[in-house]
Each structure stands twice: as C-alpha cells, then as structure tokens.
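Notes to accompany the following structure.
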Amino acid sequence: MNKAKHIAIIMDGNGRWAEAQGKKRVKGHEEGAKVVKAITTYCSSIAEIERLTLYAFSTENWKRPRLEVEFLMKLLDTYLQKELPVYLQNNVRFEAIGDIQGFSKKLQKTIKTVEEKTAHCDGLTQSLALNYGSQDEILRAMNRLKNSQEDITLEMMSKELDCKHDVDLLIRTGGDHRLSNFLLWQSAYAELFFTDILWPDFTPKELEKIIKKFTKVERRFGGLK
Ligand code: FPP
C-alpha cells in the first residue's frame, strides 16, 4: 500500500466560495485559513504523513487587486502568530518555501520567528508556499549552481530547491485541472487528485477519502509492475 508521506495541496476556490454567498472574496480567504488549520491538525495526527505543503501565495498572486493582496499578507501574519502555540502543541514544524524576501520586513520576521520556534518539532512539517512559483524556485537553484565545475546532477538540483522532497499525493480543490506553477520538479511522480469542492468546504473527511484512494493506486515510477 502506498504511503502518503508528502501531501501537497493547491487550495483553490476561496473567492468563488465567498461570492456564492454574496460575501467579499477576502471572506473566502478568512474561511480558507480555518481549513488550513483543520487539515494541518488532521495531518499531524496521522503518523505516516510527514509533510504537508500548502500553496498559500504564488509569485503570480501579486497581480490581484492591491486590497486583496494586502488582506492576504495580514491574514498570513495573524495566522502564523496565532497558530504558533498550536504548532507547538501538535509537534508541527513550520517552514516557508518561496522567495519570502518579496514580503514586508514584518511578515518576514514573523515567518522566521515561527520557523525558529518550531524547528525542534519532529512530527508533521507544515510547509507554506509563500511568494512561491516552481519556475522561480528552479531558476534560483540553477543560478546558485551555474558556476559549479561539475555537470549539474539531479541530486545537486534537489539539494538547491526550496522544497527538497518528492510529492506523493498532490490535490487541487476548486474544480480546475492544472498545476499552476506548483512543485513541478517535486511532483514528477506524484499522484494527482482533483476535486470540485471549494477550499473553504474541504474537510479532513474529504482528505481521508482521497488518501484511501491514493493508497490503492499502483505506482510504477516508470518501471513495470
Ligand atoms: C485560491 O483561491 C487561494 C489563494 C490564492 C490563497 C490561499 C489562501 C488561503 C487558503 C488562506 C490563507 C492561508 C493561510 C495559510 C493563512 P482563489 O482566491 O483563487 O479562489 P477562486 O479561484 O475562487 O477565485
């Protein structure tokens, strides 16, 4: 049976969820943050899940209206500060992937503080993709390696990427079937699951169902059975 050691999620559908209820889009992000907490807590209670990587803000999300971007920045800051005791209680290590230098000094400081204070936790690692784009991640890694005397190997690349771990199970909520520049390198052999459920309606029960299906998939990694 497959083990979902590394689960990655594209959390899509916050805006549509809010609009469907006649609310402002940002209400959907607020509700989405509650689901981040519920899914993280659930994953931290399942021993086989070692890593949960969540796409929270992409390098392309800066194109959104200024007020929505500002709201998301504030929400992230508040969320991380408020969640620190919960991370510690659940033995969850927090890390950010992406180019966080693009954020305000204040948000960068909150991110670093929560990373440092949870560094000793050895249960689940919750990795938030922040100002993250897979192409940007690969370019940054290649630029660091370009002066290497030897030919670049897969191992060298893997070590330089922000996320150094292959994805087992990649889920996208919200009905679209695309990867949107998320963990392209690490998902080379990930199993992809798409659900129409909008992120604010996603539940640990739904995740459990997907994991159950994933465990039964035959993964061949390019080989034969
Ligand atoms: C996509 O929904 C979601 C985002 C761009 C942001 C994800 C943010 C959250 C889940 C909440 C904040 C996260 C944390 C960790 C506190 P969308 O706005 O593209 O939805 P739409 O496709 O319906 O417009």
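We count ligands from 1, going down the list as the structure has it; atoms in each ligand are counted the same way.
Electrostatic pairing of E70 and R66 counts as a salt bridge here, judged by a charged N lying under 4.0 Å from a carboxylate O. The pair K205-E208 meets the salt-bridge criterion, with a side-chain N (NZ, NE, NH1 or NH2) lying under 4.0 Å from an Asp/Glu carboxylate O. In this structure, D12 pairs ionically with R172, as a charged nitrogen and a carboxylate oxygen lie closer than 4.0 Å. Look at D162 and R140 and you find a salt bridge, because one of the NZ, NE, NH1 or NH2 atoms lies within 4.0 Å of a carboxylate O, short of that distance. Taking the charged nitrogens against the carboxylate oxygens, D77 and K106 do have a contact shorter than 4.0 Å, which makes a salt bridge. Classification of E30 and K27 as a salt-bridged pair holds, one side-chain N sitting under 4.0 Å from a carboxylate O.
Within the 4.5 Å cutoff, the side chain of T173 has no heavy atoms near those of the D201 side chain.
Ranking the protein heavy atoms by distance from atom 9 (C) of ligand 1 puts N14 ND2, 3.4 Å first. Annotation: atom 13 (C) of ligand 1 to nearest protein heavy atom, V36 CG2, 4.2 Å. With hydrogens left out, the protein atom closest to atom 3 (C) of ligand 1 is M11 O, 3.1 Å, a heavy atom. In this structure, the protein non-hydrogen atom closest to atom 14 (C) of ligand 1 is L76 CD2, 3.9 Å.
Any N or O atom pair closer than 3.5 Å counts here, and W199 shares no such pair with ligand 1. Taking only nitrogen or oxygen atoms, main chain and side chain alike, D12 reaches within less than 3.5 Å of ligand 1. Checking only distances, W17 never comes within under 3.5 Å of ligand 1, N or O to N or O. Among the atoms of G15, some N or O lies under 3.5 angstrom from an N or O of ligand 1.
Remark: ligand 1 atoms within the under-4.0 Å shell around heavy atoms of L128 are 15 (C). Close contacts between ligand 1 and A56 involve ligand atoms 6 (C), 7 (C), 8 (C) [criterion: under 4.0 Å to a heavy atom]. Atoms of ligand 1 found under 4.0 Å from any heavy atom of R64, numbered from 1 in the order shown, are 5 (C), 17 (P), 18 (O), 19 (O). The atoms of ligand 1 that sit less than 4.0 Å from any heavy atom of H29 are 11 (C), 18 (O). Distances below 4.0 Å separate heavy atoms of Y79 from the following atoms of ligand 1: 16 (C). Remark: ligand 1 atoms within the under-4.0 Å shell around heavy atoms of A33 are 11 (C), 16 (C). Every atom of ligand 1 with a heavy atom of R16 under 4.0 Å away is listed here by number and element: 21 (P), 22 (O), 23 (O). Using a 4.0 Å cut-off to heavy atoms of L75, the atoms of ligand 1 that qualify are 12 (C).
Other residues, nucleotides and ligands contribute only 12 or fewer heavy atoms inside 6.0 Å of the CD atom of Q149. Surrounding CD of Q81 are more than 12 heavy atoms belonging to other residues, nucleotides or ligands, all under 6.0 Å away. More than 12 heavy-atom neighbours from other residues, nucleotides or ligands sit within 6.0 angstrom of CE on M156.
Counting heavy atoms under 4.0 Å from ligand 1, residue R25 touches it through the side chain alone. At a heavy-atom cutoff of 4.0 Å, ligand 1 is contacted by no atom of L54, backbone or side chain. At a heavy-atom cutoff of 4.0 Å, ligand 1 is contacted by the side chain of N61 but not by its backbone. When heavy-atom distances to ligand 1 are checked against a 4.0 Å cut-off, E60 has no atom that comes that close, whether in backbone or side chain.
Residues Y87 and L80 approach most closely at OH-CD2, 3.7 Å, considering heavy atoms.
For the pairing with F57, the ring pair (Phe, Tyr, Trp, His ring centres under 6.0 Å) check across Y132, F182, W62 returns one residue only, W62.
Considering only residues two or more places apart in sequence or on other chains, R64 meets the salt bridge (charged side-chain N to carboxylate O under 4.0 Å, His left out) condition with E68.
Contact analysis leaves E30 out of contact with ligand 1, as no non-hydrogen atom separation drops below 4.0 angstrom. By the 4.0 Å heavy-atom criterion, G13 is counted among the residues contacting ligand 1.
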